[in-house]
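Notes follow once the structure below has been shown.
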There are 2 protein chains.
Amino acid sequence: MARTERPSPASAPSHASTPGRPSIKQIALAAGVSRGTVDRALHDRGDVNPAVAERIRTIATELGYVPHRAAKALRLNHTPQTIAVLLPRTSSDFFLQLEAGAIDAGRQFADMGINAEVTWFDPDDERALIRLIESQLHQRVGGLVVTGPATNRVCAAVRSVVDAGKPVVTTNSDLPGSGRLAFVGQDLVKSGRVAAELMAKMIGGGWTAGRRARGAPPGPRVVVLTGNLRFQAHRDRVDGFAAGMKRWLPAATLEVLEGHDDYEQSLRVLEAVDPRGVVGAYAATGSIRALVEQRRRWASPERIRVVTNDDLPVVRAGLANGEIDFTILQDAPSQGSEPVRIIAEYLLSGTRPASWLRTPVIVAGATLIEG
Amino acid sequence: MARTERPSPASAPSHASTPGRPSIKQIALAAGVSRGTVDRALHDRGDVNPAVAERIRTIATELGYVPHRAAKALRLNHTPQTIAVLLPRTSSDFFLQLEAGAIDAGRQFADMGINAEVTWFDPDDERALIRLIESQLHQRVGGLVVTGPATNRVCAAVRSVVDAGKPVVTTNSDLPGSGRLAFVGQDLVKSGRVAAELMAKMIGGGWTAGRRARGAPPGPRVVVLTGNLRFQAHRDRVDGFAAGMKRWLPAATLEVLEGHDDYEQSLRVLEAVDPRGVVGAYAATGSIRALVEQRRRWASPERIRVVTNDDLPVVRAGLANGEIDFTILQDAPSQGSEPVRIIAEYLLSGTRPASWLRTPVIVAGATLIEG
DNA sequence: TTGAAAGCGCTAACAG
DNA sequence: CTGTTAGCGCTTTCAA
């Protein structure tokens, strides 16, 4: 455990064995009741004298009781539990990577009597999603993992599942006020800051040259493409990027464009940009394809450094041929596996996770493909 | 499992329960023997008719038998196993982060009858290390995690542990030919390539300016500080960096300096460098402090982009004040937790891991501290 | 060489 | 309301 100061060759006897890990049996003994009663008391299964229940709970915490995962798992073999994973069927394959993570984690718990089952829903059909969520109530589902639009009605549906005592974990995007056990996702503000640091350091000394542009703009200009600034999630990345640029290249001017996650619209707003003095472009959200294509049309595009998000085919192509310098990943597989793991742990030992599990901000360059 | 094409609201019956997961009991039934015999046969515990044993093994593979982790864990409570983690006591705190990961993973398996115990050894005393390794034989240790110098004698000592049937996982640096079950560590060549990509893209357009240096050198120059090129591990990063620079900034000239991981010696070789035209410095291994300090003495140091490795106090300071642009991390905590997890899984269900588990190549800038 | 049985910690079904 | 019991899959005695 603690770091031994001497190498201590074999000498240390150190009774490594779990010394006094208390079991339900110990508690029963201490409380002068049977194991069954302890089980009922600790799990609020009713049919137990409140006074006795209280005493049992006290003793349990005093003894530092923690349920034994292995035993519970073994018992669970009687009636296996399913963790339902609900994902939006979008065109990007981000969620396919997420699914792979979820299935993988599910397999890990197969011999613990727990498995994951992925169901896809149409992101444009809120009603169907709500029905789907509510249908998880009347099943032998042990818990729920969900990514969905944070509307009031979706949150309410999730809340009904939570109220039924089932653990729910949101992933990739949160459902605030839904009572979910945890949220697994990236710190988008940080993601934007990291993008800005890369951008600023790439532009760096180079922009002294850029300053000589005969035309107007006073400093280097950076284009930021985003989806819709009314969505908090979209604003977060832009905010982080802006903060980062201010810190790392205060002379720069930002041009924030809303493309509404649509190729045509993104292209339109990009075409309206005066390209003089533009030395960088950041795709926070929205159509990366539009950004890459428009850049080609501007004069001497090789001047313009490009940072994007996620690991899409367009991005890979851009990284390979040098049209994109770096992309920021958010570890899609973990966003699938961690929620499953969290629920499994909760089911097996009642462990409560942190409310927000931050997925790493991963910087990837062309080495992503070539290395 | 597979992605359902329709949202399938609750309708799908899909008997999620582990369908026919065969247990020892099933095998015993099929083979017409008792469960005890099956156990003995499958684990080569002797005292079993070779013909019968063979038949049992056949049936087991035919049925696709996989031992049940939870059951084994429960049984293990009788005689808990210890995973011994042997780490070198160096001045850097890299291994403290690694230790934290190992302890954390150990806790995860506490209720599976498995725990991790870290022991530190003097990296300069090979004899003591060997004694330490060999002392793990005669204990109730279930497996071994070790980081050590890849000398013949250390490898031989590890091999004796392997021959005793105990799983061994090397971490951070490998022990080739030791028969270890797996190695957890970074792809150093890739690490070097990533560093080069960052370096090249930071220098990027800027170096056209650099070209104008009145003096001699024909292109931009980059200094690479390493430890000792006779060590494969030290060479790998440099090779990766060289390959990356060739790919991303072929005009650049590399100056590889051996500092032998020593501050004084690193400083000496750095002082001998002609600073004209130097636009980048990469600390592959060796004294980062020496590199940072020498850079200050060169003319207009802000010209020189700096990439380092690991997360040391000097590095943090450098990132904070802008003297270091990026550092490449190798996820020390995972290098502690993954080996423990691998051995635990092996002990519990006989799962054999990949021979080399690559730790991620993490790019971190000042955002590591500020963000 | 093999079989039978006990028990790890937990929970659900059944008695009291 | 509470106690008893069986059994999840595996290993380890102890008998045969």
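What you see below is based on every heavy atom in this structure, not just the backbone, and it leaves out hydrogens, waters and symmetry mates. Within every chain, numbering begins at 1; the chains are lettered A, B, ... in the order of the sequence lines, protein sequences first and strands thereafter.
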- Item | Check: A:Tyr346 and A:Thr351 side chains under 4.5 Å, non-hydrogen atoms | no

- Query: Under a 4.5 Å cut-off applied to non-hydrogen side-chain atoms, are B:Leu76 and B:Leu348 in contact?
  - Reply: yes

- Message: Can you confirm whether more than 12 heavy atoms, excluding those of A:Arg358, are under 6.0 Å from its CZ atom?
- Response: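 More than 12 heavy atoms, drawn from other residues, nucleotides or ligands, come within 6.0 Å of this atom.
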
- Message: Taking any heavy-atom pair under 4.0 Å as a contact, classify B:Asn49: base, sugar-phosphate, or nothing.
- Response: sugar-phosphate

- Earlier contact from the 5' end, DNA chain C, for B:Pro50 and B:Leu76: B:Pro50

- Message: Quick check on DNA chain C: between B:Asp47 and B:His78, whose nearest nucleotide comes earlier from the 5' end?
- Response: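 Looking at DNA chain C, the more 5' nearest nucleotide goes with B:Asp47.
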
Nearest-angstrom distance from the residue atom [atom1] of [X] to [atom2] of [N]:
X        : N      : atom1 : atom2 : value
A:Met112 : C:dC10 : CE    : P     : 14 Å
A:Leu29  : C:dG9  : CG    : C1'   : 15 Å
A:Leu42  : C:dC10 : CG    : C1'   : 11 Å
A:His68  : C:dG9  : NE2   : P     : 7 Å
A:Leu348 : C:dT11 : CG    : P     : 10 Å

- Task: Please state whether the phosphate of C:dG9, meaning OP1 or OP2, lies under 4.0 angstrom from any side-chain nitrogen or oxygen of B:Asn77.
- Result: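 Answer is yes, contact under 4.0 Å.
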
- Task: Establish, with yes or no, whether the OP1 or OP2 oxygen of C:dT2 is under 4.0 angstrom from a side-chain nitrogen or oxygen of B:Ser34.
- Result: no

- Check the side chains of B:Ser334 and B:Ser337 for a donor-acceptor pair under 3.5 angstrom, ignoring hydrogens and angles. no

- Taking atom types as modelled and ignoring hydrogens, do the side chains of B:His43 and B:Arg40 form a donor-acceptor contact shorter than 3.5 angstrom? no

- Any chance you could lay out the side-chain contact (heavy atoms from CB on, under 4.5 Å) test for B:Glu117 and B:Val141, step after step, and finish with the verdict? CA-CA 10 Å; B:Glu117 217 177 287; B:Val141 311; over 6 Å; no

- Message: Strictly below 4.0 Å, N to O, side chains only: are A:Glu54 and A:Arg57 in salt-bridge contact?
- Response: yes

- Query: So does B:Glu338 pair up with B:Arg341, basic N to acidic O under 4.0 Å?
  - Reply: yes

Kindly give the atom pairs (protein nitrogen or oxygen, nucleotide nitrogen or oxygen) under 3.5 Å for nucleotides 12-14 of chain C.
none

- Item | Of A:Ala71 and B:Lys72, the one whose closest DNA chain D nucleotide lies more 5' | A:Ala71

- Item | Segment of DNA chain D, first to last nucleotide, that comes within the 4.0 Å heavy-atom reach of chain A | D:dC1 to D:dG9

- Query: When B:Pro353 is tested against each of B:Ile343, B:Val169, B:Leu181 for side-chain contact (heavy atoms from CB on, under 4.5 Å), which residue passes?
  - Reply: B:Leu181

